[in-house]
Number of protein chains: 2
Amino acid sequence: MNAAEKVTSPHAADVLRELHAYRAAEEAMRRRTRNSMKMGENDLAALRFLLRAQGQGRVVTPGMLADHLGMKSASVTVMLDRLTKSGHLTRGAHPTDRRSIAVSATSGSDDEVRATLGEMHRRMLGVASHLDQDGSEIVRRFLLDLATAADGVATA
Amino acid sequence: MNAAEKVTSPHAADVLRELHAYRAAEEAMRRRTRNSMKMGENDLAALRFLLRAQGQGRVVTPGMLADHLGMKSASVTVMLDRLTKSGHLTRGAHPTDRRSIAVSATSGSDDEVRATLGEMHRRMLGVASHLDQDGSEIVRRFLLDLATAADGVATA
DNA sequence: CACTCGTTACTAGTTCGCCTAGGTTTGGGC
DNA sequence: GCCCAAACCTAGGCGAACTAGTAACGAGTG
């Protein structure tokens with residue numbers, strides 16, 4: 001038995017505290033954004049998904065949004081009604097499948113999202129850039145282990 | 001101009017990807033837990049808050065829960081009705097203020113939460129323990145910078 | 001003591017968002 | 001040409017949070 005297994009480092013708790021503080025800060029920031037845009041969680045996630053896909057020239061259908069957000073297609077329909085009414089997106093004809101529909105974000109919505117989440121992403125990229133090669137390797141390993149730990153927790 | 005400012009490290013994007021993966025994993029784990037307990041986001045957060053305070057011998061009132069969860073006191077009342085009905089907590093007399101109420105978690109609810117979130121916490125502590133002193137310093141700095149970045153994003 | 005004002009929690013009624021169930025149009029294999 | 005599956009929409013219901021208004025109590029003041 002080596003020391004790392006048996007004794008929890010005195011710094012471990014500090015690291016978790018810092019992790020928790022970060023999560024709280026990010027969550028608060030997302031809530032501010034949602035309040036500012038007067039939207040729910042899924043509405044904003046849908047817009048982000050849409051803008052990212054649009055940036056890669058991919059067509060987005062309501063069904064794809066349902067899969068990505070984990071909601072039923074009927075709920076997506078209502079969400080699209082909502083976001084269309086608020087001027088954030090439009091429904092268009094699907095290029096190949098006439099049963100389906102092509103959803104696209106309006107330019108205004110694009111600007112609005114970029115102004116907040118884009119800024120956030122830039123800042124985070126800046127933070128990550130300050131890591132040297134060893135540092136980024138350590139952080140990546142840490143995050144990977146955390147994700148693995150979360151995945152491994154049984155639902156009981 | 002130094003390289004770290006001008007050129008974003010090729011690893012920076014990888015770190016952010018890993019961060020996103022971790023967030024997704026943790027979120028999924030929390031959702032599994034909530035589904036397993038048949039509770040909403042706030043219900044579980046309230047229980048955690050309650051258990052933590054109880055462990056420190058502090059009395060929790062509905063008003064404190066409202067502040068901590070960011071909801072209105074009326075909504076807390078209904079939530080307490082819900083959680084009382086499901087056997088997760090009880091309302092008792094407040095020791096000093098007879099307008100108020102002392103909320104306390106049942107032992108069954110204690111066990112239930114510990115079985116899942118406690119397990120998660122142990123695993124995370126294990127991951128953090130594998131960092132040496134330099135490593136934990138690097139990670140903490142990284143997380144602190146991220147939190148600062150999130151805090152600094154204006155709502156526009 | 002009597003009054004007043006703020007605090008604390010609750011009740012009633014509304015809103016918002018997601019779900020289930022069922023219907024309509026189109027795609028694609030036989 | 002037929003039939004089943006796929007994709008979206010409509011209708012109705014439910015859960016959870018909000019607003020507004022009520023009742024009981026605490027604390028300070030004349």
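Please read these numbers as outputs of a predicted model, since none were measured by experiment. Quick note on labels: first sequence line is chain A, next is B, and so on, each numbered from 1.
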Trace of the salt bridge (charged side-chain N to carboxylate O under 4.0 Å, His left out) decision for B:E119 with B:R123: CA-CA 6 Å; B:E119 167 70 12; B:R123 283 176 187 245; 2.8 Å; yes

Evaluation steps, side-chain contact (heavy atoms from CB on, under 4.5 Å), between A:V113 and A:M37: CA-CA 9 Å; A:V113 172; A:M37 292 196 185; 4.1 Å; yes

A:H11/B:E137 under side-chain hydrogen bond (donor to acceptor under 3.5 Å, both in side chains): CA gap, chis, key distance, verdict: CA-CA 8 Å; A:H11 304 296; B:E137 183 56 38; over 6 Å; no

Salt bridge (charged side-chain N to carboxylate O under 4.0 Å, His left out) between B:R17 and B:D14, intermediate numbers included: CA-CA 5 Å; B:R17 250 189 294 281; B:D14 292 333; 2.8 Å; yes

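Atom CZ in B:R34 sits roughly 11 Å away from atom P in D:dA16 (whole-Å rounding). The NZ atom of A:K38 sits 12 Å away from the P atom of C:dC16 (whole-angstrom rounding). At whole-Å resolution of the value, CG in A:L65 and C1' in D:dC8 are 13 Å apart. Protein atom NZ of B:K72 is 16 Å distant from nucleotide atom C1' of C:dC10, rounded to whole Å. Atom CD of A:E41 is separated from atom C1' of C:dC16 by 15 Å (rounded to the nearest Å). What separates CE of B:M79 from P of D:dA17 is a distance of 7 Å, to the nearest Å. Regarding A:L80, its CG atom lies at a distance of 13 Å from the C1' atom of D:dA7, rounded to whole Å. Atoms CE (A:M71) and C1' (D:dC9) sit 14 Å apart, rounded to a whole Å.
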Donor-acceptor contacts under 3.5 Å from residues 59-75 of chain B side chains, at least two apart:
| residue | atom | partner | partner atom | Å |
| --- | --- | --- | --- | --- |
| B:T61 | OG1 | B:M64 | N | 3.2 |

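Looking at A:E41 and A:R30, no side-chain N of the basic residue comes within less than 4.0 Å of a carboxylate O on the acidic one, giving no salt bridge.
Side-chain N/O atoms of A:N42 include none lying less than 4.0 angstrom from OP1 or OP2 on C:dG17. OP1 or OP2 of D:dC8 lies within a sub-4.0 Å distance of a side-chain N or O belonging to A:T61. For D:dC8, the OP1/OP2 oxygens have a side-chain nitrogen or oxygen of A:S100 closer than 4.0 Å. Distances shown here put a side-chain N or O of A:R82 below 4.0 Å from the OP1 or OP2 atom of C:dC18. For B:S75 and D:dA17, the shortest distance from a side-chain N or O to OP1 or OP2 is not below 4.0 Å.
Within residues 83-97 of chain B, the residues approaching DNA chain D are B:D97, by heavy-atom distance under 4.0 Å.
Distances were taken from every side-chain heavy atom of A:S73 (C-beta onward) to each of C:dT20, D:dC8, C:dA9; the shortest belongs to D:dC8.
Residue side chain B:R99 reaches the base of C:dT7 through a donor-acceptor N/O pair under 3.5 Å, judged by distance alone.
Using a 4.0 Å heavy-atom distance criterion, A:G63 is classed as a sugar-phosphate-only contact.
Note on B:L131 and A:L144: separate hydrophobic clusters, where clusters join Ile, Leu, Val, Met, Phe, Trp and Tyr whose side-chain heavy atoms are under 4.5 Å apart, directly or indirectly.
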